[in-house]
Amino acid sequence: VIGDLSGDQFETQISSAEWLDILLGGKETETSERRPDEHRNAEPSAQELSLSDVRDSLLRLTPTAFEHLTSELFRHLGYPNVKVTGRTADGGVDVIAQKSARQGQERVVVQCKRYERSVGVGVARDLRGVMAADSSISGGYIVTSGTFTRQCERFCEAESIRMISGIQLANYIRRFN
């Protein structure tokens, strides 16, 4: 379903600092070349923005940029091997993340939804189907810029799919600046 990806096939697309720079609309090289008195007008950091402002910034990203930002989140969450699948017919998987665990390799799949609205249960069902079809997958996540319907939340809780909402993602962005 997903393919057999070795550790060598995982690659880093862009650094977290670069994604944050893109997310906030600034350019690191421009900021670093300013004179000290020009820093007053610099783009605010993630910590200086409200969670709502950070979430609104997420909605301005392209779906591909949102997937890459999510891959950076998983690196910060302790998954050193992360790959954006980059496929349109991906079966509900946008990111694959892997790390060593006590019982071997932990491999999780992530569905990214850059939504202003709520993610419905159909997305969770699709992801659960992918997880059931591949025994190497130990867990699943749905990451959205929006929220989750109550039906989706109940399904994810019953099926051990972890959910990261837009506000939670904004919190992570601020935390991992």
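If you're wondering where the values come from, they're calculated on a predicted model, not measured in any experiment. Just so it is clear, the values below take in all heavy atoms, side chains as well, and ignore hydrogens, waters and symmetry mates.
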Could you report the tightest heavy-atom contact between [X] and [Y], atom names first, then the distance?
X      : Y      : value
Val130 : Ile137 : O-CD1, 3.9 Å
Met163 : Cys152 : SD-O, 4.4 Å
Met131 : Gly140 : CE-N, 3.6 Å
Pro80  : Gly78  : CD-O, 3.2 Å

Does Asn81 offer a backbone N or O that forms a donor-acceptor pair with the side chain of Arg75 under 3.5 Å?
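No; judged by distance alone, with no hydrogens or angles, the pair does not exist.
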So Ser165 and Gln168, side-chain hydrogen bond (donor to acceptor under 3.5 Å, both in side chains) or not? Walk me through it.
CA-CA 5 Å; Ser165 70; Gln168 290 168 314; 3.2 Å; yes
Mind checking the [atom1]-[atom2] spacing from [X] to [Y]? Nearest 0.5 Å is all I need.
X      : Y      : atom1 : atom2 : value
Gln111 : Thr70  : CD    : OG1   : 10.0 Å
Ile173 : Arg55  : CD1   : CZ    : 11.5 Å
Leu69  : Thr62  : CG    : OG1   : 10.5 Å
Ile167 : Thr144 : CD1   : OG1   : 11.0 Å

Do Val110 and Val93 make a side-chain contact, defined as non-hydrogen atoms from C-beta onward lying under 4.5 Å apart?
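The answer is no, as the side chains (C-beta and beyond) never meet within the 4.5 Å cut-off.
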Any side-chain heavy-atom pair from Arg174 and Val54 closer than 4.5 angstrom?
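They are in contact (side-chain heavy atoms under 4.5 Å apart), so the answer is yes.
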side-chain contact (heavy atoms from CB on, under 4.5 Å), that's the test. Do Ile161 and Tyr141 meet it? Break it down for me.
CA-CA 6 Å; Ile161 296 173; Tyr141 286 82; 5.8 Å; no
Test of understanding: clusters of I, L, V, M, F, W, Y form through side-chain heavy atoms closer than 4.5 Å, transitively. Do Leu59 and Ile164 belong to the same one?
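Hydrophobic grouping puts Leu59 apart from Ile164.
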Considering residues, nucleotides and ligands other than Glu116, do more than 12 of their heavy atoms fall under 6.0 Å from its CD?
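Open: at most 12 neighbouring heavy atoms sit under 6.0 Å from CD of Glu116.
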Take Arg114 and Ser145 through the test side-chain hydrogen bond (donor to acceptor under 3.5 Å, both in side chains) and record every step on the way to the result.
CA-CA 5 Å; Arg114 186 190 54 87; Ser145 52; over 6 Å; no
Applying side-chain contact (heavy atoms from CB on, under 4.5 Å), can you list everything that pairs with Arg150, at least two apart in sequence or on another chain?
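Residues passing side-chain contact (heavy atoms from CB on, under 4.5 Å) with Arg150: Glu153, Arg154, Glu157.
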Which residues share a side-chain contact (heavy atoms from CB on, under 4.5 Å) with Glu106, sequence neighbours left out
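Only Tyr79, Lys99, Ala101, Val108, Ser138 meet the side-chain contact (heavy atoms from CB on, under 4.5 Å) criterion with Glu106.
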Where do Asp134 and Val109 land on the side-chain contact (heavy atoms from CB on, under 4.5 Å) test, with the steps shown first?
CA-CA 10 Å; Asp134 188 336; Val109 291; over 6 Å; no
Name every donor-acceptor pair, under 3.5 Å, that has one atom in a side chain of residues 117-128 and the other anywhere in the protein, sequence neighbours excluded.
residue: Ser118; atom: OG; partner: Thr147; partner atom: OG1; Å: 2.6
residue: Arg128; atom: NE; partner: Glu159; partner atom: OE1; Å: 2.8

Only one of Ile96, Val84, Thr85, Asp94 forms a side-chain contact (heavy atoms from CB on, under 4.5 Å) with Ser71, so which one is it?
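For Ser71, the side-chain contact (heavy atoms from CB on, under 4.5 Å) test succeeds with only one of Ile96, Val84, Thr85, Asp94, which is Val84.
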